[in-house]
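Down below is the structure, laid out as structure tokens.
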Amino acid sequence: MSFTYEPSTYDFWSIVFRCNRTVIPLVLSKWSFWLLLVLHGVIMTMFHFRLFDLEEVTSEGGVAHLRSAHIKVISGMTCFFLVFYTQQCYARYLANHQAINNVFRSSHRFCFEACVHMKSGSQKYIDLVMRWMRLSLVLFFAELRSREPPTPDDWDTMTEAGLVDLGERRFLDSLSSGQRHLVLAHWMARVTVTGYDNSSVPCKGPPLLKGLIDRIILFDEAQKAVLDLVRMPVPFQYFHLTNLMVIINLTLWAYGMAMTSSLFGMVMYILLDFVLIGIMELANTFADPYGDDEVDFPLHIWFKFFSQNQDVLLHYDFAAEKDDFRDLLERDNKLRLEGSNIDQLLSPNNGAADSGWCCPSRAKKSDAQERQYTQLNPVPNDSPKPGNQSTRSVKGLRPDRHLDA
């Protein structure tokens, strides 16, 4: 699951020696990491304890002599292959994130437009369409994670949650994955047409109905966009060649760094072995963010909040809405920003607790940092004060850092 953090709240040493939610457990669980360390240790032991006469063959001009220039060539090529592969995997990671968000957004947009144009007199039609839309999402995400059709236990879970009834389950279970989503999209479109015809919203017309159907089509297209990314990974030939380059490079380093009398050769090899394998494994987790790794998408959490937000839009009860907000329209709706605390509400350091936003709050500056800022940025006593700004002291909002908009 992806981990949200604020860089300014972490100390340098606490980050370096952190193990949880890092690549350290992933690298230490790889047998290739330990195999290369054993190879390096064996060669170093043979060289230092003279178990075999290696001095003659490893000295300059010997058949086993390895020049540093030879290692530089293969190291440069390995860095190029590894950087390119990591960049491509991270680009796929960002593209997958955007594609998944488009799936949620397309569903939200349909729900919003359906509530605007159909809610009056067609609530049951909207509820049915949204149930099928969420069923399509659950099936889609479950197949992304497992790469297999839903099992009987999966169908039981969806039936207990009210996403599908027994008749729909028997029919949909007999179809393939692509057929299921196509049939569900057709069901949603047909019920939308029927619900739109039975709604009592004024100013109905074909363009509005077409817009609703287009939202369903965009929802299906958003799912297809995710599948396009999943089905088109980095070519296996490049993946194979990158792994081969990393192994060759680490093997040559294991040999070359063992031929030194300094203990720092062993220390440097351990660090290099860890870093290269760590980068490779991290890139592999970026390439497929639909599993159980630390950087994978928390689809279950996203779907939970997605459903809660839609339920509010579908079933909220606000008294003023029942008469089309006529009572509110008769009131004075002018803003009264002068003298209010809006500037404090929007300041970055208002001292508020966790407000539930997706981004963590920024770290507060210490008193010493505030005094240093005041010394470096003195405010003249005769400086003019903008007429549209409050002159009182607001935490986190400095007099010379106001933004006029």
Side-chain angles (χ1 to χ4, degrees), residues 100-138 161-165 184 187-219 222 298-347 350 352-359 361 405:
I100 289 292
N101 274 275
N102 284 336
V103 174
F104 286 118
R105 291 171 184 172
S106 61
S107 178
H108 274 319
R109 289 164 185 161
F110 171 81
C111 182
F112 178 80
E113 291 194 12
C115 290
V116 171
H117 302 305
M118 295 173 53
K119 197 169 185 179
S120 179
S122 297
Q123 181 65 50
K124 61 181 181 181
Y125 295 95
I126 301 177
D127 291 340
L128 178 58
V129 173
M130 295 313 301
R131 177 171 71 82
W132 284 337
M133 189 168 284
R134 295 181 189 181
L135 172 63
S136 178
L137 278 176
V138 171
L163 290 172
V164 61
D165 62 26
L184 283 171
W187 289 356
M188 288 185 280
R190 288 195 59 182
V191 174
T192 299
V193 172
T194 306
Y196 186 78
D197 291 338
N198 288 274
S199 64
S200 58
V201 177
C203 301
K204 293 197 298 183
L208 296 179
L209 179 59
K210 182 182 182 301
L212 292 171
I213 302 302
D214 286 343
R215 290 299 182 188
I216 297 176
I217 296 175
L218 289 176
F219 173 74
L299 296 177
H300 58 294
I301 297 178
W302 291 351
F303 181 79
K304 174 185 175 182
F305 288 105
F306 158 82
S307 300
Q308 290 175 351
N309 295 338
Q310 277 194 351
D311 285 338
V312 171
L313 180 61
L314 289 170
H315 304 113
Y316 74 89
D317 185 15
F318 184 49
E321 187 197 16
K322 297 178 180 179
D323 61 348
D324 292 332
F325 305 101
R326 290 188 179 90
D327 183 47
L328 294 180
L329 291 171
E330 299 298 329
R331 300 180 184 178
D332 181 14
N333 293 304
K334 294 181 180 180
L335 299 180
R336 293 176 292 275
L337 298 180
E338 189 66 28
S340 67
N341 291 326
I342 295 298
D343 50 357
Q344 184 175 1
L345 177 65
L346 301 179
S347 63
N350 56 359
D354 186 14
S355 58
W357 288 90
C358 61
C359 300
S361 58

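All of these numbers come straight from a predicted model, not from anything done at the bench.
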Legend entry - Pairing residues for Phe303 by the ring pair (Phe, Tyr, Trp, His ring centres under 6.0 Å) criterion, not counting sequence neighbours: Phe306

Inset, instruction - Answer yes or no: is there a side-chain heavy-atom contact under 4.5 Å between His117 and Ser122? - result: no

With sequence neighbours excluded, tell me which residues meet side chain to side chain donor-acceptor pair (under 3.5 Å) with [X].
X: Arg326; answer: none
X: Asp127; answer: Gln123, His315
X: Thr192; answer: none
X: Lys334; answer: none

Under the salt bridge (Lys or Arg N to Asp or Glu O under 4.0 Å) rule, collect the residues that match up with [X], sequence neighbours excluded.
X: Glu113; result: Arg215
X: Arg131; result: Glu168
X: Asp197; result: none
X: Asp317; result: Lys322

Legend entry - Partners passing side-chain contact (heavy atoms from CB on, under 4.5 Å) against Asn309 (at least two apart in sequence or in another chain): His108

Legend entry - Partners meeting side-chain contact (heavy atoms from CB on, under 4.5 Å) with Ala320 (sequence neighbours left out): Phe318, Phe325, Leu328

Inset, instruction - Starting from the C-alpha separation in whole Å, work towards a yes-or-no answer on side-chain contact (heavy atoms from CB on, under 4.5 Å) for Trp302 and Phe104. - result: CA-CA 9 Å; Trp302 291 351; Phe104 286 118; 3.9 Å; yes

Inset, instruction - Just grab all the salt bridge (Lys or Arg N to Asp or Glu O under 4.0 Å) pairs involving residues 300-315, residues at least two apart or on different chains. - result: Arg134-Asp311

